[in-house]
Protein chains: 2
Amino acid sequence: MITLKDIAKLANVSTATVSYVLNGRGNISDKTRAKVLEIVEAHNYKPNNIAKSLKLNKTSTIGVIVEDITVFSAPEIINGINEYAEENGFTIVLTNLRIHKRIGNHFKDIDRYKHIITAAVDDLLSKQVDGIIYIGVHTRDVKGLIDIAKPVVYVYCYSTLESAYSVNYDDELAALEATNYLIERGHKRIALISGLIDSMPSHGRFNGYYKAIMANQLPFDPSLIKTGDWEYSSGYSMAKELMALPTPPTAILAMNDLMAGGAIDACREINVNIPEQLSVIGFDNREFSGYYSPKITTVDIPLQAMGSRAIAMLIEILDGSPPEESNPKLECRMIERETVAAAADKQ
Amino acid sequence: MITLKDIAKLANVSTATVSYVLNGRGNISDKTRAKVLEIVEAHNYKPNNIAKSLKLNKTSTIGVIVEDITVFSAPEIINGINEYAEENGFTIVLTNLRIHKRIGNHFKDIDRYKHIITAAVDDLLSKQVDGIIYIGVHTRDVKGLIDIAKPVVYVYCYSTLESAYSVNYDDELAALEATNYLIERGHKRIALISGLIDSMPSHGRFNGYYKAIMANQLPFDPSLIKTGDWEYSSGYSMAKELMALPTPPTAILAMNDLMAGGAIDACREINVNIPEQLSVIGFDNREFSGYYSPKITTVDIPLQAMGSRAIAMLIEILDGSPPEESNPKLECRMIERETVAAAADKQ
DNA sequence: CGCCGTAAGTTAAACGTTTCACTTTTCACA
DNA sequence: TGTGAAAAGTGAAACGTTTAACTTACGGCG
């Protein structure tokens, strides 16, 4: 490998001169500059960034820890990070925790996987990343799991550690808008198929639903609220229960597309036509929701924007001008497809 | 940041001694070792890998270039790479080309994106990665696009550059097995909905189909071969054409799940029951194929294994013992679901 | 002619490790 | 007690950059 020193020798100048030419600094005559550049070109010299990093104590590298890259949200978030990173001259060092494979669904038991995260962080730190972005698999508190001197921003999760940065989306607002969307179309009996009750997204989405119902002076009927477990099968069985009610709902808001899909398939079995007899809205805008029969109307989470925002914040911190909003919640967007219609039986 | 030099001073030994202790090398007494380790522990010293890399001219880092991380195959492949990398002490530097966004579908026009790849490679090289894994979005020849001194292995694509390493899957074998699967269930008129004709996967899959037909002495009927464009809509329209034939097929092998899905929906419209009246097999095992109605029987591509294999090969090359098989093609696996039944009308 | 200011370029230390070549200490044995 | 070999430890250079501090060359001006 040809080094800066070699170039200096070939050009009959000092290494300082070559360095200055390369970095467009210092006082160098056009003649010398041209000569150096020519030799650099001729030998296809590429600077060694490792050496540069050592000297400058700055790698222009950010560590991205993703809890599980195979989860639907991860690639989009990484894509967002990546685009912004590239535009700003940063490189990404990726660590995939493969957390589902390792700890199953024991996310509550933080002690169980603390060491996994610590190892990942230590590794990244030893590689001298300038900062870290931690991408969770769902909105939750990861406590003060990462406590280091370098800046960290959490995406799709947050840390109760004071002054921790995070970027998430607005669950409550999204559910409120989805519910309003139904109400605007004349629905009055709107069921909710919730995810696991002890999760943040379930709370946020429930609140949004509840506020929309209240704001529109609709009756709040607890029999219309069902608790699922985020899986297809729970959407399926909850929908059957709901449609067996004395007066079944005219619309269902499911807290994710999987449960929405289950609900739709349950309805097909019992000959409830969607959307004519029942409207359904999902959440997440999973890829399959666009290929479903019928195509599922759903709420899109701004994953890519969350990624960009996270790294934008990180870079601001690195530049010494911390972002004003340290825990932004981005807005979701409804994706209108084929599972919602105006309520048939206006009461 | 506390350095090795600091530790040495605190322990009253030379930096060499600390280094030896840390690396389990050299001749160090248990007493000294313990003292050093204690101080390391007490000050939570973490070695600076940048400095180490500079000295050793080896970063234990591999560059992963992915053409588009949002493509369904990418996360699984990266997952495979990541797992093996971690087990072997390597770190991944990720570069996402976002190639679809940048060049659309102009993959043939290599000059158009050559500079994008060159920039990515140069950047990785300047970061002194030990080797590069290039993940394509589909099987194709990327020519001698990357021509560097360090080892490169291609995944989901290959390079005609002599002595280039690659890992792919066996398209032909997969299509042959899928076709046989249908033949074993009594199907004799098996249609094929192909992807774009000028693509490698289309060729391979066609060959597999053709060989299975021939090996079973079935008639090869060109009217049963339709060329789609990989999109949902082409599956839809091709299926309609096929079912309008004087004697329609009893089974369709679609070259991807998207077209299989289109075909299934077309059949629903014209009241052809799946699988009773028509069997359908897709390709790719996309996530939605498992949530389709009916769930699509498909061919799973061993993405994760491809990733692991790629980095395994890379590490072998790095270790100076190049792999015997330099362009392996991994085997696919049929995923049996709900869209295949025995042929109804045995002739 | 001498002085000064500026432009152009150089010197050498520093970043945090590793390791070769060397020195010092220890200890078994004659 | 002296010797030599093995064990334990040290010194310093090196990896490829950057940059503060310095030197040199040059031209203009009084």
Side-chain angles (χ1 to χ4, degrees), chain A residues 1-37 39-40 43-61 89 91 122-123 125-130 149-150, chain B residues 1-37 39-40 43-61 89 91 122-123 125-130 149-150:
Chain A
M1 269 287 82
I2 183 153
T3 72
L4 183 144
K5 211 183 264 179
D6 299 330
I7 299 291
K9 193 161 294 169
L10 289 165
N12 258 314
V13 296
S14 69
T15 61
T17 300
V18 177
S19 178
Y20 286 133
V21 167
L22 257 20
N23 294 293
R25 241 181 274 124
N27 256 334
I28 308 292
S29 68
D30 288 349
K31 189 159 148 273
T32 306
R33 176 188 318 283
K35 183 173 60 178
V36 168
L37 253 20
I39 294 180
V40 161
H43 292 77
N44 192 30
Y45 163 76
K46 303 276 180 243
N48 179 330
N49 258 306
I50 292 288
K52 181 171 183 167
S53 297
L54 178 60
K55 186 84 228 306
L56 301 186
N57 194 29
K58 162 171 193 326
T59 56
S60 291
T61 273
T91 302
D122 281 354
D123 187 61
L125 250 25
S126 81
K127 293 249 152 60
Q128 309 299 116
V129 296
D130 294 335
K150 300 198 172 174
Chain B
M1 269 289 81
I2 182 155
T3 72
L4 181 145
K5 213 182 262 179
D6 299 329
I7 299 291
K9 195 161 292 171
L10 289 165
N12 258 315
V13 295
S14 67
T15 60
T17 300
V18 177
S19 177
Y20 286 134
V21 167
L22 258 19
N23 295 291
R25 240 181 272 123
N27 256 334
I28 309 292
S29 69
D30 288 350
K31 189 158 149 273
T32 305
R33 175 188 319 283
K35 184 174 58 179
V36 169
L37 254 19
I39 294 179
V40 161
H43 292 77
N44 192 29
Y45 163 76
K46 302 277 180 242
N48 178 329
N49 257 307
I50 292 288
K52 182 171 181 167
S53 298
L54 178 60
K55 186 83 231 304
L56 302 187
N57 193 28
K58 161 169 194 331
T59 55
S60 291
T61 272
T91 302
D122 281 353
D123 187 61
L125 250 24
S126 82
K127 293 249 153 58
Q128 310 298 115
V129 296
D130 293 336
K150 298 196 173 176

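Reminder, nothing fancy here: chain letters follow the sequence lines and each chain counts from 1. Values reported hereafter were calculated over all heavy atoms of this structure, with side chains retained and with hydrogens, waters and symmetry mates removed.
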Distance, nearest 0.5 Å, that separates [atom1] of [X] from [atom2] of [Y]:
X: A:Asp6; Y: A:Ile39; atom1: CG; atom2: CD1; answer: 11.0 Å
X: B:Gln128; Y: B:Asn57; atom1: CD; atom2: CG; answer: 7.0 Å
X: B:Thr15; Y: B:Leu22; atom1: OG1; atom2: CG; answer: 11.5 Å
X: B:Thr32; Y: B:Asn27; atom1: OG1; atom2: CG; answer: 11.0 Å

Under 4.0 Å between a side-chain N/O of [X] and OP1 or OP2 of [N], yes or no?
X: A:Thr15; N: D:dT18; result: no
X: B:Thr17; N: D:dA8; result: no
X: A:Thr32; N: C:dG9; result: yes
X: B:Arg25; N: C:dT18; result: no

Which one, [options], comes nearest to the side chain of [X]?
X: B:Lys5; options: D:dT18, C:dT17, D:dG9; result: C:dT17
X: A:Thr3; options: C:dT10, D:dT17, D:dG11; result: D:dT17
X: A:Asn48; options: C:dG16, D:dG11, D:dT17; result: D:dT17
X: A:Ala16; options: C:dG16, D:dT17, C:dT11; result: C:dT11
X: A:Ser14; options: C:dT10, C:dG9, C:dT18; result: C:dT10
X: A:Leu54; options: C:dG16, D:dT18, D:dA12; result: C:dG16

Tell me: [atom1] of [X] to [atom2] of [N], nearest whole Å?
X: B:Asn57; N: C:dG16; atom1: CG; atom2: C1'; value: 16 Å
X: B:Lys46; N: C:dG16; atom1: NZ; atom2: C1'; value: 17 Å
X: B:Ile28; N: C:dT18; atom1: CD1; atom2: P; value: 13 Å
X: B:Gln128; N: D:dT17; atom1: CD; atom2: C1'; value: 11 Å
X: A:Arg33; N: C:dA8; atom1: CZ; atom2: P; value: 9 Å
X: A:Tyr20; N: C:dA8; atom1: OH; atom2: P; value: 14 Å
X: B:Leu4; N: C:dA14; atom1: CG; atom2: P; value: 17 Å
X: A:Asn27; N: D:dC22; atom1: CG; atom2: P; value: 18 Å

Classify the side-chain pair A:Lys127/A:Thr61 by whether it contains a donor and acceptor separated by less than 3.5 Å. no

By the 4.0 Å heavy-atom rule, please label B:Asn23 as base, sugar-phosphate, or nothing. sugar-phosphate

Over all strands shown, is B:Ser19 touching base, sugar-phosphate only, or nothing at heavy-atom distances under 4.0 angstrom? base

Is the backbone of A:Leu125 close enough, under 3.5 Å, to the side chain of A:Lys150 for a donor and an acceptor to pair up by distance? no

Donor/acceptor link under 3.5 angstrom from B:Lys55 side chain onto base of C:dT18: yes

